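What you see is a predicted model, and the numbers here were worked out from it, not measured in a lab. Chain identifiers are assigned alphabetically (A, B, ...) following the order of the sequence lines, protein sequences preceding nucleic acid strands; residue numbering begins at 1 within each chain.
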Protein chains: 2
Amino acid sequence: MPRGRPRQFDLDRALDTALLLFWRHGYEGTSLAALTEAIGINVPSLYAAFGNKEALFEKALARYLQKPAAYLPKALQEPTSRRAVEKLFGGAIQMVMNPHHPDGCLLVQGALASGPSSESIRQQLSRRRAGAEAAVRRRFERAITEGDLPSNVDAAQLARYIVTVLWGLSVQAAGGATRAQLKEVVEWALRCWPESV
Amino acid sequence: MPRGRPRQFDLDRALDTALLLFWRHGYEGTSLAALTEAIGINVPSLYAAFGNKEALFEKALARYLQKPAAYLPKALQEPTSRRAVEKLFGGAIQMVMNPHHPDGCLLVQGALASGPSSESIRQQLSRRRAGAEAAVRRRFERAITEGDLPSNVDAAQLARYIVTVLWGLSVQAAGGATRAQLKEVVEWALRCWPESV
DNA sequence: ATTTTATTGTAGCACCCGCTAAACAAATGT
DNA sequence: ACATTTGTTTAGCGGGTGCTACAATAAAAT
């Protein structure tokens, strides 16, 4: 057991609660008062545990990527690129429409546009989105070397198209689309899939 | 000339300035102080002219739909649905990448997620997005009756797919994508276009 | 010239923002 | 028992938020 007085709340549960708030209301739309009230602690405890609002968001974001957004790297492990993308979209819809948490993707809802004080958060989310796109691109590059995708396909272009639809799904989810509707969107999106040979 | 002391600033120019700020920083990220400073007036003048922050945003939004976002209804006037969609995406890219104003679409950047105090703005933008989708859907329904699109195509589904890509383009633009990259995305998006007959 | 109407400038409202100092409480180490 | 370490509590900081009362100003109407 550590030295001093033991913490009276669970760090992970607190992070989960913070994640939900940031997810639903965005970085700017989530106040410290809302965070501390939802977690059930008071402000100094939050600061002692997480640093400040920005650091708390970053830790919540890391938690987001490890848990709800883990469907993405997992989907890319599918044996074929086509099945990877199908699983990617399937996982995205399942996450984005999960009634246990807000609709949409934190990488999009967190801070698309923001005031000057939240610029760094905005940029960080932008980088994370670029990271997701890069992961998809690398998967397609591998698919090309494996003959799974035609060699005349530009992996970067295809990846950018796929994640563009992905971010679009997040916007649609925020607008109240249903799961069935998003599935239809994905079906349309994949009709252009380049057949091998 | 009206009765009292004449207004010392131009309403339309002020609205344009407000629009740019809301567009770049979102509704929540734009403070009254930033607005009045950018317009060059002080707060009571703004309130006398526009009501309050919410009303100002709504008027800026109306201006946005009439000017920068006018490409959408205009594109739908093209003789064929295919050319309408091509022009729609072309216009979107041109707007979303215009160096004279922020990257992205106000309907997406304005308030995707927000705090409780901006809920009504969020919902209003959501309704506007749904309105855009409905306009595209109606154009496709017309195309089906004209034989321009196969009758087995679901106009609502296709419209939802198209605007999903559209909102995705806005997110990509906010992430620093180039015009050429967005054009490639659109090219991929349209490979699935249902051929007539 | 005076009254009327509308806009502008000054000043400040109540409230919320992110954040922190200082005292208190609960555990461990010696 | 006592000091040390750490978390919690209370209280409040400076500054920003959206917004408004009030007086000064500039035009038209009489």
Open item on the list: Rounded to whole Å, how long is the line connecting atom CZ of Phe9(A) with atom P of dA25(C)?
Closed with: 20 Å
Task: Sugar-phosphate only, base, or nothing, as touched by Ser118(A) at under 4.0 Å among non-hydrogen atoms - done: nothing
Open item on the list: I want to check one thing: is the phosphate of dT9(D), taken as OP1 and OP2, less than 4.0 Å away from some side-chain N or O of Asn42(A)?
Closed with: yes
Task: side-chain N/O Ser45(A) vs dG7(D) OP1/OP2, d < 4.0 Å - done: no
- [ ] In whole angstrom, give the distance that lies between atom OH of Tyr27(B) and atom C1' of dG18(D).
- [x] 9 Å
Open item on the list: Looking at Gln123(A), I want to see if its CD is surrounded by more than 12 non-hydrogen atoms of other residues, nucleotides or ligands under 6.0 Å.
Closed with: yes
Open item on the list: Nearest to the side chain of Val43(A), heavy atoms from C-beta on, is which of dG18(D), dT20(C), dC17(C)?
Closed with: dT20(C)
- [ ] Report the distance from atom CD of Gln8(B) to atom P of dA6(C), rounded to the nearest whole Å.
- [x] 17 Å
Open item on the list: I'd like to know if Arg3(B) reaches the base of dT4(C) with its side chain, counting only an N/O donor and acceptor under 3.5 Å.
Closed with: yes
Open item on the list: Tell me the interatomic distance from Leu35(B), atom CG, to dT17(D), atom P, rounded to whole angstroms.
Closed with: 10 Å
Open item on the list: What contact category does Pro44(B) fall into here, base, sugar-phosphate, or nothing, at under 4.0 angstrom with non-hydrogen atoms?
Closed with: base
- [ ] Take atom CZ of Arg5(A) and atom P of dT8(D), then tell me their distance rounded to the nearest Å.
- [x] 6 Å
TODO: Quick one: list whatever passes salt bridge (charged side-chain N to carboxylate O under 4.0 Å, His left out) with Arg137(B), sequence neighbours left out.
DONE: Glu141(B)
- [ ] Specify whether Phe22(B) and Tyr27(B) have parallel, tilted or perpendicular ring planes, treating 30° as the upper limit for parallel and 60° as the lower limit for perpendicular.
- [x] parallel
Open item on the list: Ignoring hydrogens and geometry beyond distance, is a side-chain donor-acceptor pair present between Ser118(B) and Glu28(B) at under 3.5 Å?
Closed with: yes
Open item on the list: What is the distance, to the nearest angstrom, from the CG atom on Leu21(A) to the P atom on dG18(C)?
Closed with: 12 Å
- [ ] Using the six-membered ring wherever Trp is involved, compare the ring planes of Phe140(A) and Trp193(A) and label them parallel, tilted or perpendicular (cut-offs 30° and 60°).
- [x] perpendicular
Open item on the list: If the cut-off is 4.0 Å, is Asn52(A) near the phosphate of dG18(C), judged by side-chain N/O to OP1 or OP2?
Closed with: no
- [ ] Take atom OH of Tyr47(B) and atom P of dT8(C), then tell me their distance rounded to the nearest Å.
- [x] 16 Å
TODO: Mind calculating the distance between CD (Glu28(A)) and P (dG18(D)) to the nearest angstrom?
DONE: 11 Å
Task: Given dA27(C), dT17(D), dG18(D), the nucleotide with the shortest approach to the side chain of Ala33(B) - done: dT17(D)
